[in-house]
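See structure below.
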Amino acid sequence: QVQLVESGGGLVQAGGSLRLTCAHSGRAFSLYAMGWFRQAPGKGREFVAAVNWSGGTTNYADSVKGRFTISRDNAKNTVYLQMNSLKPEDTAAYYCAAQRTLASISPVEYDYWGQGTQVTVSS
């Protein structure tokens with residue numbers, strides 16, 4: 001089965017940066033579109049960013065556009081989320097997800113999920 005493991009979360013001051021990493025186990029990683037979602041306490045799961053199988057197409061939520069960058073390294077079976085200019089409203093648990101169709105903004109389209117990594121942005 002496919003397993004996803006996120007890392008790189010932590011505590012950072014407003015304006016700072018973090019890079020989240022998602023390691024994908026199993027074969028055929030390059031066939032999957034990959035996405036990042038986040039969920040704050042008491043709120044639903046929110047789309048953050050997604051990248052297609054080749055890395056040539058990306059989607060971003062308006063709230064993070066210009067600040068976050070999603071990328072992938074298929075040789076390493078890894079996807080990244082570079083987060084710059086972090087704001088307190090970015091505080092959430094961040095989840096990596098994989099699907100075999102497209103880089104959807106909808107969480108229901110994703111087939112596999114990681115356990116999440118917590119990002120806390122202090123003011």
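Note that the coordinates shown come from a computational prediction; the quantities given were computed from them, not determined experimentally.
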Subject >> N-O pairing of D62 and K65 below 4.0 Å >> reply: yes
**OP:** Decide yes or no for V79 and H24: does some side-chain heavy atom of the first lie under 4.5 Å from some side-chain heavy atom of the second?
**Re:** no
Original post:
Can you find a pair of side-chain heavy atoms, one from R67 and one from D90, that are under 4.5 Å apart?
Top reply: yes
Original post:
In terms of hydrophobic clustering (I, L, V, M, F, W, Y; side-chain heavy atoms under 4.5 Å; direct or indirect links), are L18 and V64 co-clustered?
Top reply: yes
**OP:** Verify the distance criterion only: is there a donor paired with an acceptor across the side chains of Q39 and R45 at less than 3.5 Å?
**Re:** yes
Original post:
Would you call L81 and T69 a side-chain contact if the rule is heavy atoms closer than 4.5 Å?
Top reply: no
Original post:
What's the shortest heavy-atom distance between S104 and F47, and which atoms?
Top reply: O-CE1, 3.8 Å
Original post:
Are any side-chain N or O atoms of N84 and backbone N or O atoms of S17, one a donor and one an acceptor, separated by less than 3.5 Å?
Top reply: no
**OP:** Taking all heavy atoms of D111 and all of Q99, pick out the closest pair and write down the distance.
**Re:** OD2-CA, 3.4 Å
**OP:** Find out whether Q13 and V121 are in side-chain contact, i.e. whether some heavy atom of one side chain is under 4.5 Å from a heavy atom of the other.
**Re:** no
Subject >> D73 versus T78, side-chain donor and acceptor atoms under 3.5 Å >> reply: no
Original post:
Closest approach of R72 and S30, non-hydrogen atoms and distance?
Top reply: NH2-CA, 4.1 Å
Subject >> Heavy-atom donor-acceptor pair, S25 side chain to Q3 backbone, under 3.5 Å >> reply: yes
Subject >> Check against side-chain contact (heavy atoms from CB on, under 4.5 Å), L86 and F68 >> reply: CA-CA 9 Å; L86 283 162; F68 291 9; 3.8 Å; yes
Subject >> Working for side-chain contact (heavy atoms from CB on, under 4.5 Å), residues V12 and S122 >> reply: CA-CA 6 Å; V12 65; S122 65; over 6 Å; no
**OP:** Show your working on side-chain contact (heavy atoms from CB on, under 4.5 Å) between C96 and M34 and close with a plain yes or no.
**Re:** CA-CA 7 Å; C96 175; M34 303 294 297; 3.6 Å; yes
Original post:
What are the two closest heavy atoms between A92 and A40, and how far apart are they?
Top reply: CB-N, 3.9 Å
**OP:** Evaluate the side-chain proximity of S63 to E46: yes if any heavy-atom separation is below 4.5 Å, no if none is.
**Re:** yes
Subject >> Worked check of side-chain contact (heavy atoms from CB on, under 4.5 Å) between Y80 and C22 >> reply: CA-CA 6 Å; Y80 306 95; C22 175; over 6 Å; no
Original post:
Do the ring centers of W113 and F37 come within less than 6.0 Å of each other?
Top reply: yes
Original post:
Between E6 and Y95, which heavy-atom pair has the shortest distance, and what is it?
Top reply: OE2-CA, 3.3 Å
Original post:
When you measure from the centre of the six-membered ring of Y94, is the NZ or CZ of R38 under 6.0 Å away and within 45° of the axis?
Top reply: no
**OP:** Quick one: closest heavy-atom pair of I70 and W36, and the distance?
**Re:** CD1-CD1, 3.6 Å
Subject >> Side-chain (N74) to main-chain (W53) donor-acceptor, under 3.5 angstrom >> reply: yes
Subject >> Side chains of S7 and T117 in contact at under 4.5 Å (non-hydrogen atoms) >> reply: no
Original post:
When clusters are formed by joining ILVMFWY residues with side-chain heavy atoms under 4.5 Å apart, either directly or through shared neighbours, do Y110 and L4 land in the same one?
Top reply: no
Subject >> Lys/Arg cation over aromatic Y112: R100, 6.0 Å, 45° cone >> reply: no
